[in-house]
Structure formats: structure tokens, C-alpha cells
Amino acid sequence: MKPSHVLWTIAAGIAGLGAAWAHGGATGIVKERMDAMTEISRNVKLVGQMLKGNAAYDGVEIARAGQAIATHAGDAMIKLFPEGSLKAPSEASPSIWNEWTQFSGYADSLQTSAQSLKGLAEQGADQKAVAAAFGKMAGTCKACHEAFRIKK
Ligand code: HEC
């Protein structure tokens, strides 16, 4: 990917995350996963701001954010979606449980891509490589949301 494309992807991703979805009144597992997603999103925004040049680049902080995202991804994320947990105001799609392999695959690839973001930042890789890894990671958020998150 050309750097300009990477930056575009990042900008688009962040714009998408910025939209405020009302989740007032959520309880139980739905609240838990909304909180986890919000925590993930906070870390994504932090890194995005650095890569866009709106905040000072800090590889240590990016590695920490990558680790935080990875911790909430994979099995930890999958566990927050027990079958049929669709209580309002959840935006989860019922198709999650019909297409579980695909759904859990996205959660796993988020973990893998967050770990590689962390690894690159830790090794002091150049910003272009870090931005490419970030763009790839943000792509898994988008793909999973497009397939399995519905705006109600
Ligand atoms: C495996 C699929 C999957 C992946 C990967 C994923 N999400 Fe989500 N996300 C969902 C689903 C499903 C919901 C809706 C949950 C609900 O409302 O019950 C959601 C909800 C959210 C919300 C709204 C939380 C709220 O308070 O209502 C945010 C913000 C969010 N995701 C950010 C992210 C970011 C950022 C990433 C990537 C770094 C990401 N997600 C990766 C499936 C995913």
C-alpha cells in the first residue's frame, strides 16, 4: 500500500469510529463488550492521532496501545458474545452465531494484527511500516462491523 493510501484508510477508519452510538442502558454481557470495544477504540484513536501527525509520535505508547487492543481481541472478545446475547441496546447481528467461524476469525485476526503493530512499534520500525500495520488492523474492525454490527 502506498503511504497516502494508508493515511486515507486511517483517516476513514477514525472518522467511522468517531460517530457516537448511543449505548445507554446496556447491562450485563452487552455492557461488558461495549466497554471493551470502547477501550479498544480509545487506543486506536490514540495511535491514529500520532500517525496523522496530530500528536507526537511515541513508539512506546503505540506498543502499549497495540498490546491493550490485543488483550481485548481473540478469545477475550469471542467470550463476550455468548449465543443469543442481543439484549437492547445491543447492535450485534444475530448472524454472528450462524457465521461463527467468520466472526471469531475476525476477532483472531484483530489480535494478530494488534500484536504485529505492537512488535513493529517496539522494534522502532519506521512510521510507514507502523502506519501500514495500523491500517491493516483498522481494516479488521471495519470488516467485522460491516458484517456483524447493525445500527438499530
Ligand atoms: C469480531 C468482530 C469485531 C471486531 C474485530 C471489532 N468489533 Fe467492534 N463491535 C463488534 C460488534 C458485534 C459490536 C456491537 C456490540 C453490541 O452492541 O452488542 C461492536 C461495537 C463496537 C463499538 C461500539 C461500542 C458501544 O459502546 O456501543 C466500538 C466503538 C467498536 N466496536 C470499536 C471497534 C474497534 C476500534 C475495533 C478494531 C480495533 C473493533 N471494534 C473490532 C464487533 C467487532
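Nothing fancy with the numbering, it's 1 onward along the sequence. Note that ligands are numbered from 1 as they come in the structure, with each ligand's atoms numbered from 1 the same way. Not measured: the values here are computed from a predicted model.
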**Request:** Mark yes or no for whether Ser109, through its side chain, and Gly105, through its backbone, hold a donor-acceptor pair below 3.5 Å.
**Result:** yes

**Message:** So, 2.8 Å as the limit: is an N/O/S atom of Ser41 located closer than that to atom 8 (Fe) of ligand 1?
**Reply:** no

**Asked** Would a distance-only check, ignoring hydrogens and angles, find a side-chain to backbone donor-acceptor pair under 3.5 Å from Glu39 to Asp35?
**Response** no

**Request:** Hey, could you give me the CG/CD1 distance between Leu86 and Ile29, rounded to the nearest 0.5 Å?
**Result:** 12.5 Å

**Asked** Counting each atom of ligand 1 from 1 as listed, which ones have a heavy atom of Tyr106 under 4.0 Å away?
**Response** 1 (C), 5 (C)

**Prompt:** Would you say Arg33 has any N or O atom under 3.5 Å from an N or O of ligand 1, going by distance alone?
**Reply:** yes

**Request:** Measure up the Phe81 and Phe103 rings against each other and bin them: parallel (under 30°), tilted (30 to 60°), perpendicular (over 60°).
**Result:** perpendicular

**Structural part of His145 in contact with ligand 1, heavy atom criterion under 4.0 angstrom** = side chain

**Complete:** One finds that the ligand 1 atoms under 4.0 Å from a non-hydrogen atom of Val44 are 35 (C), 38 (C)

**Asked** Can you list the atoms of ligand 1 that are under 4.0 Å from a heavy atom of Ser90?
**Response** 16 (C), 17 (O), 18 (O)

**Item:** Donor-acceptor contact below 3.5 Å, side chain Glu91 vs main chain Ile150
**Value:** no

**Asked** Out of Cys144, Ala73, Gly105, who gets a non-hydrogen atom closest to atom 4 (C) of ligand 1?
**Response** Cys144

**Asked** Out of Met37, Lys151, Met34, Arg149, who gets a non-hydrogen atom closest to atom 23 (C) of ligand 1?
**Response** Arg149

**Fill in**
Nearest heavy atom to atom 36 (C) of ligand 1, choosing from Ala143, Gly48, Cys141, Ala107, belongs to Cys141

**Message:** Please report the interatomic distance CD1(Ile62) to CG(Leu51), rounded to the nearest 0.5 Å.
**Reply:** 5.0 Å

**Point-to-point distance, once rounded to the nearest 0.5 Å, from NZ of Lys118 to CD of Gln123** = 10.5 Å

**Message:** Give the atom numbers and elements of ligand 1 that come within less than 4.0 Å of a heavy atom of Phe81.
**Reply:** 11 (C), 12 (C)

**Asked** To the nearest 0.5 Å, how far apart are CD in Gln115 and CD in Gln67?
**Response** 7.0 Å

**Atom indices of ligand 1, in the order listed, that fall short of 4.0 Å to a heavy atom of Phe148** = 12 (C)

**Message:** For Met137, state whether at least one heavy atom is located under 4.0 Å from any atom of ligand 1.
**Reply:** no

**Message:** Run the side chain to side chain contact (heavy atoms under 4.5 Å, CB included) test on Lys136 and Ser116 for me, step by step, so that the C-alpha distance in whole Å, both residues' side-chain angles and the decisive distance to 0.1 Å come before the verdict.
**Reply:** CA-CA 10 Å; Lys136 199 174 159 207; Ser116 70; 5.9 Å; no

**Complete:** With heavy atoms and a 4.0 Å threshold, my read on which part of Phe103 contacts ligand 1 is both

**Atom indices of ligand 1, in the order listed, that fall short of 4.0 Å to a heavy atom of Thr38** = 26 (O)

